[in-house]
Amino acid sequence: MLFKRKEKIGTEPKHLPRHVGIIMDGNGRWAKKRGLPRSAGHSAGAEALKKIVTEANKLGIEYVTVYAFSTENWKRPADEVKYLMSLLLDYLKNAEKNLAGDNTVIRVIGSRAELSEEIQEQIIKTEKLTEHNTGTILNIALNYGGREEITHAVREICADVQRGALDVGDIDEQTVDGKLYTHGQPDVDLLIRTSGEMRLSNFMLWQVSYAEMWFTDKLWPDFKPSDFRHAVSEFGQRGRRFGGI
Ligand code: IPE
Ligand code: IPE
Ligand code: MG
């Protein structure tokens with residue numbers, strides 16, 4: 001007799017998400033618990049990210065978008081912002097070395113104008129350096145906000161209309177999608193947020209409209225490749241209907 005074998009969590013997910021979004025939250029609380037400065041939490045968080053990207057490549061996930069710095073994070077104390085920016089710069093600089101075995105393609109999404117010239121130049125270098133890789137495409141959301149992204153898209157669409165390249169009547173969802181920082185990429189299938197918070201915090205508002213959400217109380221620096229596999233595996237068990245039956 002045939003019967004369905006129940007899949008073991010953590011092994012061979014049935015359906016892989018094509019695009020995983022991650023809100024990496026809890027670095028500050030992780031550091032506080034250890035009596036360390038918040039910066040120590042951020043650097044532990046950067047280490048955690050490297051391992052998750054390696055795992056995503058191993059699993060064959062096509063796209064991963066990580067929330068690294070939001071348009072709201074400028075409200076933090078200047079020294080914390082400065083530290084986060086220096087970590088991001090290092091991450092981009094070391095991309096080749098750190099991610100060599102992974103074959104990762106790195107792209108940075110968000111508004112670049114407010115970033116330092118040094119970071120802007122490094123983004124261009126790192127994107128160029130990794131563009132022909134064939135592994136996971138890692139979007140680093142840096143000075144990223146979902147509302148800013150949509151506002152930016154609206155501005156671009158209006159500019160197209162203004163110069164006569166587009167008719168207002170022809171604007172559809174694809175038009176908007178094509179103007180997002182993630183144009184050409186599939187919507188987010190699986191959204192992971194760590195640290196027990198259950199909100200979007202302005203992350204990929206357009207792209208998560210049908211994402212499966214997965215939350216964990218673990219703080220980001222404690223998030224392990226096995227946790228990532230767990231989330232991906234649970235995604236494989238979910239029934240997605242997209243409004244159908
Ligand atoms: C996430 O950790 C990293 C960034 C937002 C840059 P937090 O710094 O938000 O950590 P908590 O939420 O204060 O613990
Ligand atoms: C979201 O985390 C932004 C990033 C992870 C980069 P926050 O810690 O900034 O979000 P809130 O303020 O708790 O909503
Ligand atoms: Mg936080």
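We count ligands from 1, going down the list as the structure has it; atoms in each ligand are counted the same way. Residues take their numbers from the sequence shown, with the count starting at 1.
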**Q** Are N103 and T134 linked by a side-chain donor-acceptor pair shorter than 3.5 Å?
**A** yes
**Q** For R76, counting its heavy atoms only, list the atoms of ligand 2 lying under 4.0 Å from any of them.
**A** 7 (P), 8 (O), 9 (O)
**Q** Quick one: is the NZ or CZ of R76 closer than 6.0 Å to the six-membered ring centre of W74, and within 45° of its axis?
**A** no
**Q** Scan side-chain atoms only and decide if D187 and W206 contain a donor-acceptor pair under the 3.5 Å cut-off.
**A** no
**Q** Say whether Q122 and T126, considering side chains only, have a donor N or O and an acceptor N or O under 3.5 Å apart.
**A**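 There is such a pair (donor and acceptor under 3.5 Å, judged by atom type) between the side chains of Q122 and T126.
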**Q** Decide whether the shortest distance between a heavy atom of E197 and an atom of ligand 1 is less than 4.0 Å.
**A** no
**Q** As an exercise, identify every atom of ligand 1 less than 4.0 angstrom from a heavy atom of N73.
**A**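 The atoms of ligand 1 under 4.0 Å from a heavy atom of N73 are 5 (C).
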**Q** Between the candidates M24, K75, R193, which shows the shortest non-hydrogen contact distance to atom 2 (O) of ligand 2?
**A** R193
**Q** Between L142 and Y91, is any pair of side-chain heavy atoms under 4.5 Å apart?
**A** no
**Q** Measure from the side-chain N and O atoms of T194 to the backbone N and O of D25, and report whether any donor-acceptor pair falls under 3.5 Å.
**A** yes
**Q** Polar contacts were defined as any N/O atom of the residue lying under 3.5 Å from an N/O atom of the ligand; does this apply to W30 and ligand 1?
**A** no
**Q** Looking only at N/O atoms, are D25 and ligand 2 under 3.5 Å apart anywhere?
**A** yes
**Q** Assess, by modelled atom type and distance only, whether the side chains of N73 and S70 contain a donor and an acceptor separated by less than 3.5 Å.
**A** yes
**Q** Answer with side chain, backbone, both or neither: which part of F69 has a heavy atom less than 4.0 angstrom from an atom of ligand 2?
**A**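 Contact part for F69 vs ligand 2: backbone (N, CA, C, O).
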**Q** Of all the non-hydrogen atoms in the protein, which one sits nearest to atom 3 (C) of ligand 1, and at what distance?
**A** N27 ND2, 3.5 Å
**Q** Tell me whether R199 has any N or O atom under 3.5 angstrom from an N or O of ligand 2.
**A** yes
**Q** Examine E197 and say whether one of its N/O/S atoms is closer to the Mg ion (ligand 3) than 2.8 Å.
**A**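 Under 2.8 Å: E197 has no N, O or S contact with the Mg ion (ligand 3).
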**Q** Starting from atom 10 (O) of ligand 1, locate the nearest protein heavy atom and write down its residue, its atom name and how far away it is, to 0.1 Å.
**A**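 Its nearest protein heavy-atom neighbour is G28 N, 2.9 Å.
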**Q** Of all the atoms in ligand 1, which lie at a distance below 4.0 Å from a heavy atom belonging to A68?
**A** 6 (C)
**Q** Tell me: protein heavy atom nearest atom 14 (O) of ligand 2, and distance?
**A**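 Closest protein heavy atom to atom 14 (O) of ligand 2: S201 OG, 2.6 Å.
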**Q** Using a distance-only test with no angle check, is there a side-chain donor-acceptor pair under 3.5 angstrom linking T175 and D172?
**A** yes
**Q** Check this for me: does any side-chain nitrogen of one of E173 and K179 sit under 4.0 Å from a carboxylate oxygen of the other?
**A**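 Salt bridge absent between E173 and K179.
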**Q** I'd like to know if the side chain of T104 reaches the main chain of I106, judged simply by a donor and an acceptor atom lying under 3.5 Å from each other, with no hydrogens or angles considered.
**A** no
**Q** So is S195 in contact with ligand 1, going by heavy-atom distances below 4.0 Å?
**A** no
**Q** Return yes when at least one protein heavy atom is under 4.0 Å from atom 8 (O) of ligand 2, and no when none is.
**A**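 True for atom 8 (O) of ligand 2.
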**Q** Say whether R29 and ligand 2 are in contact under the criterion: heavy-atom distance to a ligand atom below 4.0 Å.
**A**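 So R29 does not count as touching ligand 2.
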**Q** Give a yes or no answer on whether the side chain of R155 reaches the backbone of T151 with a donor-acceptor pair at less than 3.5 Å.
**A**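 Here the side-chain-to-backbone pair does not exist.
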**Q** If you count the atoms of ligand 1 from 1 in the order shown, which ones are under 4.0 Å from a heavy atom of H42?
**A** 3 (C), 8 (O)
**Q** What N, O or S atom of D25 is found closest to the Mg ion (ligand 3)?
**A**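 In D25, the N, O or S atom with the shortest distance to the Mg ion (ligand 3) is OD1.
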